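Remarks on the structure that follows.
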Amino acid sequence: QTCAVGLTGALLGANLGFLTVCLYLLGGYFGLPIFATTLVGPAAFLGPTAGYLLAFPLAAWFVGKCADKGWNNSVLLSLVAQIFANICIINTLGALWLVCVLGINNAFLLGFVPFLIGAVLKSILASAVIRLMRLRA
């Protein structure tokens, strides 16, 4: 999901990326089984993954804003935008939500640290896809 969120922002720009991810969340809210959780519908927005889900539109907007400023023209800048969106926006806001459920230490150890390597790898993948798409255009 997080790789797709970053790609959505990068390819559609800030505003359209934000709106697209919001529509995705609305689909999940209304019961489509599209989230990486067993919770569906409104329950997904009250469970442990709610913070991550609610961070998605902001992350898409951020990456889209960077793309709007030409960051997609540079592999390095594209990667920086993707990593920031994944780690600083999605993982951090998701972990902050978990603080309410698990406490600060467990939220950090269970909801932030284990996702760092995956966040970096997904950011690299998203930047590579963007680069490949630019080469084909």
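All values reported here derive from a predicted model rather than from experimental measurement.
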Open item on the list: For N73, give me all partners under side-chain hydrogen bond (donor to acceptor under 3.5 Å, both in side chains), at least two apart in sequence or on another chain.
Closed with: R134

Task: side-chain hydrogen bond (donor to acceptor under 3.5 Å, both in side chains) involving K122 - partner list, sequence neighbours excluded - done: T2

Open item on the list: Treating N72 as the side-chain partner and A10 as the backbone partner, does any N or O pair qualify as donor plus acceptor under 3.5 Å?
Closed with: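 Yes, N72 side chain to A10 backbone: donor-acceptor pair under 3.5 Å.
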
- [ ] For the pair N91 (side chain) and A119 (backbone), establish whether a donor and an acceptor sit closer than 3.5 Å, ignoring hydrogens and angles.
- [x] no

Enumerate donor-acceptor pairs with a distance under 3.5 Å from any side-chain N or O in residues 20-35 to protein atoms, sequence neighbours excluded.
| residue | atom | partner | partner atom | Å |
| --- | --- | --- | --- | --- |
| T20 | OG1 | L16 | O | 2.7 |
| Y24 | OH | Q1 | NE2 | 2.6 |
| Y24 | OH | I34 | O | 3.0 |

Tell me whether [Y] is reachable from [X] by hopping between hydrophobic residues (I, L, V, M, F, W, Y) whose side-chain heavy atoms are closer than 4.5 Å.
| X | Y | value |
| --- | --- | --- |
| V5 | L77 | no |
| L125 | L11 | yes |
| I89 | L19 | yes |

Please output the side-chain donor-acceptor pairs of residues 41-62 that fall under 3.5 Å, not counting sequence neighbours, one pair per line with the distance.
| residue | atom | partner | partner atom | Å |
| --- | --- | --- | --- | --- |
| Y52 | OH | G111 | O | 2.4 |

Task: Connected hydrophobic set around I87, excluding itself, where side chains approach under 4.5 Å - done: L79, I83, F108, L109, F112, V113, L116, V120, I124

Task: Nearest atoms (heavy-atom pairs only) where S123 meets N86 - done: OG-ND2, 3.1 Å

Task: Over all atoms of both residues, closest heavy-atom pair of I130 and S78 - done: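 It is CD1-OG, 3.7 Å.
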
Open item on the list: Using side-chain heavy atoms (C-beta onward) and a distance below 4.5 Å, is L110 in contact with L98?
Closed with: no

Open item on the list: Going by side chain to side chain contact (heavy atoms under 4.5 Å, CB included), name the residues that satisfy it together with C100, two or more places apart in sequence or in a different chain.
Closed with: none

Task: Separation between CD of Q82 and SG of C66, rounded to the nearest 0.5 Å - done: 9.0 Å

